[in-house]
> 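A single structure is presented below for examination.
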Amino acid sequence: MPTILSHTIDIQAPADRVWAVLTDTAAYPTWNPFMTRLEGDLVVGARLAVTVVPPGGKPNNFSPTVTEVEPGRRLAWLGRLLATWIFAGAHSFEVRPLGPGATRFTQSERFSGLLVPLLRSTLRSTEAGFAVMNTALAERAETGVRH
């Protein structure tokens, strides 16, 4: 049975600014405490190099494939361990304008495969990581900080 994790935050910044911060992946090491590295082209079919550091956890590297890019709205990828029936994570970021200066941002992941029941505690720390990243994204978008 799949496990779905999700975290949503309302950000007091325009959607285009939120999208710009999200897709400026070279800057992740300067502000993103959860996803400390994201390298590769954000185009469908591209392989990415990602490092996540769950709160209280150790860095985890993986190489998902971009499955969807809707500029200004949605970015998604699929990561897997050997085969999707063993372990897969379908990750997405959604940017939804709430008005001229406000945006709803949702980060979610649908985990599936035989290993999911064995990884429950790891998945809980992943959900906490979503919250930490979303808060950092909001702070960066709201302040307009550029490093």
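In this chain, residues are counted from 1 in sequence order. Owing to the predicted nature of the structure, the values given are computational and were not obtained by experimental measurement.
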> Check residues 96-106 and write down every donor-acceptor pair under 3.5 Å in which the side-chain atom is one partner and the other belongs to a residue at least two apart or another chain.
from : atom 1 : to  : atom 2 : distance (Å)
T103 : OG1    : A13 : O      : 2.7
T103 : OG1    : A15 : N      : 3.0
R104 : NE     : D10 : OD1    : 2.7
R104 : NH2    : D10 : OD1    : 3.3
R104 : NH2    : D10 : OD2    : 3.0
T106 : OG1    : T8  : OG1    : 2.9

> After noting the C-alpha distance and the side-chain angles of N60 and V53, does the key distance pass the side chain to side chain contact (heavy atoms under 4.5 Å, CB included) rule?
CA-CA 6 Å; N60 182 21; V53 183; over 6 Å; no
> Test of understanding: with side-chain hydrogen bond (donor to acceptor under 3.5 Å, both in side chains), list the residues that count as partners of E94, not counting sequence neighbours.
R74
> Could I get the full list of side-chain contact (heavy atoms from CB on, under 4.5 Å) partners for T135, not counting sequence neighbours?
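side-chain contact (heavy atoms from CB on, under 4.5 Å) list for T135, sorted by chain: I9, E139.
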> Can you find a pair of side-chain heavy atoms, one from V43 and one from V66, that are under 4.5 Å apart?
no
> Is there side-chain contact between Y28 and T51, with heavy atoms separated by less than 4.5 Å?
no
> With heavy-atom distances below 4.5 Å as the criterion, would you say the side chains of M35 and Q107 are in contact?
yes
> Quick one: side-chain hydrogen bond (donor to acceptor under 3.5 Å, both in side chains) partners of N32, sequence neighbours excluded?
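Per chain and number, N32 pairs via side-chain hydrogen bond (donor to acceptor under 3.5 Å, both in side chains) with no residue.
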> Which heavy atom of A88 sits nearest a heavy atom of L78, and at what distance?
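A88 and L78 have their closest heavy atoms at CB-CD1, 4.2 Å.
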> Would you mind listing every salt bridge (charged side-chain N to carboxylate O under 4.0 Å, His left out) that reaches into residues 36-58, with sequence neighbours excluded?
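Counting only pairs at least two positions apart or across chains, the salt bridge (charged side-chain N to carboxylate O under 4.0 Å, His left out) contacts touching residues 36-58 are R37-E39.
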> Under the side-chain contact (heavy atoms from CB on, under 4.5 Å) test, which residues partner P14, sequence neighbours left out?
D16, R17
> Can you give me the closest heavy-atom contact between E109 and G89, atom names plus distance?
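Closest approach of E109 to G89, heavy atoms only: OE2-CA, 3.2 Å.
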> Any chance you could measure S6, atom OG, to R110, atom CZ, to the nearest 0.5 Å?
13.5 Å
> Going by heavy atoms in the side chains, are L5 and T3 under 4.5 Å from each other?
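Side-chain contact under 4.5 Å: yes.
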> Say whether, by atom type as modelled, one donor and one acceptor occur between the side chain of T36 and the main chain of P33 under 3.5 angstrom.
no
> Between L75 and E70, is there a side-chain heavy-atom distance shorter than 4.5 Å?
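They are not in contact (no side-chain heavy atoms under 4.5 Å apart), so the answer is no.
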> Under the side-chain hydrogen bond (donor to acceptor under 3.5 Å, both in side chains) rule, collect the residues that match up with S108, sequence neighbours excluded.
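Scan of S108 (side-chain hydrogen bond (donor to acceptor under 3.5 Å, both in side chains), adjacent residues dropped) gives S92.
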> List in chain and number order the residues that pass side-chain contact (heavy atoms from CB on, under 4.5 Å) with P29, two or more places apart in sequence or in another chain; answer none if no residue qualifies.
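Per chain and number, P29 pairs via side-chain contact (heavy atoms from CB on, under 4.5 Å) with no residue.
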> Can you sort out the partners of F130 under ring-ring contact (aromatic ring centres under 6.0 Å, His included), two or more places apart, ordered by chain and number?
F34, H91
> I'd like to know if the side chain of T25 reaches the main chain of L38, judged simply by a donor and an acceptor atom lying under 3.5 Å from each other, with no hydrogens or angles considered.
yes
> Would you check if the distance from the ring center of F93 to the ring center of W77 is below 6.0 Å?
yes
> Would you indicate whether the side-chain heavy atoms of V44 and T67 approach each other to under 4.5 Å?
no
